[in-house]
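For reference, the structure is listed below as structure tokens.
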Number of protein chains: 2
Amino acid sequence: MSLEHILLGLLRQPASGYDLKKVFDERIDYFWAAELSQIYPTLKRLEKRGWARCCQAVSSRGPGRRVYETTTAGRRALRDWLAKGPEIGDERFAYLAQIYLMDELGDLKQTLRFFTVLRDDFNRKLEALRRLERYWVEADPHYPDELPPPDFHVHLTLRMGILSLGGHVRSCDESIRRLRARMDREKHTRPGVSKSTRRKNPHAPPRHKLALRPPDRKSQTPRARP
Amino acid sequence: MSLEHILLGLLRQPASGYDLKKVFDERIDYFWAAELSQIYPTLKRLEKRGWARCCQAVSSRGPGRRVYETTTAGRRALRDWLAKGPEIGDERFAYLAQIYLMDELGDLKQTLRFFTVLRDDFNRKLEALRRLERYWVEADPHYPDELPPPDFHVHLTLRMGILSLGGHVRSCDESIRRLRARMDREKHTRPGVSKSTRRKNPHAPPRHKLALRPPDRKSQTPRARP
DNA sequence: ATCCTCATGTAAGTGGTTACATGATTGT
DNA sequence: ACAATCATGTAACCACTTACATGAGGAT
């Protein structure tokens, strides 16, 4: 479980479950989400396993705080996780599945609308990360070159987030251009409802010429499974 | 559940659970994975709900095939799903979490190794998709402009996959450049084990200057929750 | 004989979400 | 008085994975 290891990493600085939730929402958000209802039991599990220790603390309001901290055994587990290389699961992208099947709507205008919404969403997230980066640049005169190692790694993570989101936005832009080009071509060659934009019979099953297996089937990258 | 809707889309052409598994492994793989043990119960559920119908068929070897097909009610459900806009969950990226916490290893060389492995993995996946695209280009003289709508949407999906994976590879390349630059600088300014590459005390908790909340906290994009 | 592919499934477990329960303190 | 924030948690559910069970037919 990755959440366990992430908590191990964050708890190198003591924090309560409630504190951690804020860290996720305010800073980790763009690559990992976590709910309190999952954080609390995970903390207990870490404690039971000896990877984190807990001490009670008082709060000005509300119930007593349970402040956790990673133990040396916990840090060993964290290092093992980091050292065994990148964990790339088979990520699932529902929006790609939607595009794959969107011929069902039989209307390229809807596909176009879908892509613009998608683009705007990626772009909003991208802007949020860029704001964060700008803030760091302004706050620290020698950002990012002179950063101490922990901050440098945080910086690397943020850069990855910004660059890959930028890639997503550009992907959408390219698709939107292609879509518009195709729609223009159809409008000019046969005005009115063309046979390509609107399905003649919406109940006819779609025929995928392209959905053929590629010739070198065996040489395709197999999914990484542990 | 997205798998339900994906099956609804794929079953516009009749197929058995076993057939569908192959479709996932050979073509859908880069944006959605599915196991047989999940596909079979889902098919039953779709049938019970009236979104798919099933008919028995014989097989030359092995038990009888249960061939499913989407019903008109099922296609309505599929269209509703597609029409209600992109489904962008809070994707989790364990490898970004690993980078975020990798200062724990206290050795930039290991971070660099991590990034090169990551880059190679993205690149292998990218090459697989490019091979697929090349195959389509060669097989069809007027690819992609003259494609019928279903194939055009499959094409759009593949392009999105290729472009965003390309973005990931470039992100890794940039990080690798930055890492090398920093390592070079350290080597020249203070030869031997420098205080930036190696942690003096591996048990000291890391201090994150950058892990501060940005000034415009409230204006950050909230996660989309339905 | 033994293994691979075809073809169906079940059962147990994991990682995560949604909804609910509780109660103190502070601000409007 | 009412809502928001602080702070803890539980219970039920959901999507998905791993491991297991079964058995026919063809290939080595």
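To find a chain, count down the sequence lines: A is the first, B the second, and so on, and within it residues start at 1.
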Between [X] ([atom1]) and [N] ([atom2]), how many Å, whole number?
X: B/Met1; N: D/dA15; atom1: CE; atom2: P; value: 5 Å
X: B/Ile6; N: D/dC16; atom1: CD1; atom2: C1'; value: 13 Å
X: B/His5; N: D/dC14; atom1: NE2; atom2: P; value: 14 Å
X: A/Lys22; N: D/dT8; atom1: NZ; atom2: P; value: 10 Å
X: B/Glu91; N: C/dG15; atom1: CD; atom2: P; value: 19 Å
X: A/Glu26; N: D/dT5; atom1: CD; atom2: P; value: 12 Å
X: B/Glu47; N: C/dT8; atom1: CD; atom2: C1'; value: 14 Å
X: B/Tyr18; N: D/dG25; atom1: OH; atom2: C1'; value: 13 Å

Results of salt bridge (Lys or Arg N to Asp or Glu O under 4.0 Å) for [X] - residues two or more places apart only:
X: A/Arg170; result: none
X: A/Glu4; result: A/Arg45, A/Arg49
X: A/Lys84; result: A/Glu87

Consider the side chain of B/Glu35, meaning its heavy atoms from C-beta on, and name the nucleotide among C/dC6, C/dG16, D/dT17 that approaches it most closely.
D/dT17

Side-chain N or O of [X] less than 4.0 angstrom from OP1 or OP2 on [N]?
X: B/Arg65; N: D/dA24; result: no
X: B/Gln38; N: D/dA15; result: no
X: A/Lys21; N: D/dC6; result: no

Report, one pair per line, the protein and nucleotides 9-13 of chain C atoms (nitrogen or oxygen only) whose separation is under 3.5 Å.
from: C/dG9; atom 1: OP1; to: B/Lys44; atom 2: NZ; distance (Å): 2.7

Measure centre to centre between the rings of A/Phe31 and B/Tyr100, then say whether the value is under 6.0 Å.
yes

Assign each of A/Glu4 and B/Val67 the nucleotide of DNA chain C bearing its closest heavy atom; nearer the 5' end lies the nucleotide of B/Val67

Anything under 30° is parallel, anything over 60° is perpendicular, the rest tilted; go ahead and classify B/Trp51 against B/His5.
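If you compare the ring of B/Trp51 with that of B/His5, the planes turn out tilted.
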
Touch check for B/Arg45, heavy atoms < 4.0 angstrom, all strands: base, sugar-phosphate only, or nothing?
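Nothing, no heavy atom under 4.0 Å.
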
With ring pair (Phe, Tyr, Trp, His ring centres under 6.0 Å) as the rule and sequence neighbours excluded, what pairs involving residues 107-132 of chain A come up?
A/Tyr95-A/Phe122, A/Phe122-A/His168

5'-most contact on DNA chain D: A/Ser16 or A/Arg92, nearest heavy atom basis?
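Comparing both residues, the 5'-ward one is A/Ser16.
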
Once side chain to side chain contact (heavy atoms under 4.5 Å, CB included) is applied, do any residues pair with B/Glu174, and if so which ones, sequence neighbours excluded?
A/Arg159, A/Leu163, B/Arg177, B/Arg178

